[in-house]
Amino acid sequence: MTTSIAKRIAALAVIIVGLLLLVLAPAGDATSSYRIVGLLVAAAGGAWLGGQRRDTSRVTDEPYQQPVLRWYQAPIVLFPIILLIVASLVYLAM
């Protein structure tokens, strides 16, 4: 894992912790201080995430080509198989 991905995940984790502090503040006299701290932590995480640069070294000018699916990867083949499995599980559960 590259460091830029780790930094983005860490920034998202900081935002989530801030939102949890903001929303799930414990009941009592200090509720407003928990919410203020949660707001500040979420804002700091958002600023950290917004301040990160996007890695443009892997961006190419070539258009994306979707890989060709094999016959066994087609949804028309997999749907009846999944339907049979679900039907058999429902039958066994009765």
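Other members of the hydrophobic cluster containing L83, listed by chain and number, are F79; membership follows side-chain contacts under 4.5 Å among ILVMFWY residues, whether direct or relayed. Side-chain heavy-atom separations under 4.5 angstrom define the hydrophobic clusters, and L69 shares its cluster with no other residue.
In terms of the side-chain contact (heavy atoms from CB on, under 4.5 Å) criterion, residue partners of I85 (sequence neighbours excluded) are, by chain and number, I81, L89. A search for side-chain contact (heavy atoms from CB on, under 4.5 Å) contacts involving Y72 returns R70, not counting sequence neighbours. For V86, the side-chain contact (heavy atoms from CB on, under 4.5 Å) partners are I82, V90, not counting sequence neighbours. Applying the side-chain contact (heavy atoms from CB on, under 4.5 Å) rule to L20 yields the partners I16, L24; only residues at least two apart in sequence or on another chain are considered.
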Output a table of donor-acceptor pairs, distance under 3.5 Å, between side-chain atoms of residues 33-49 and any protein atom two or more places apart or on a different chain; print 'none' if there are none.
unit_1: S33; atom_1: OG; unit_2: A30; atom_2: O; d: 2.8
unit_1: R35; atom_1: NE; unit_2: L22; atom_2: O; d: 3.4

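Closest approach of V68 and Q73 over heavy atoms only: O-OE1, 4.4 Å. When every heavy atom of K7 is checked against every heavy atom of Q52, the shortest pair comes out as O-NE2, 3.3 Å.
Cluster membership check: L21 does not share its hydrophobic cluster with I15, using side-chain heavy-atom separations under 4.5 Å among Ile, Leu, Val, Met, Phe, Trp and Tyr.
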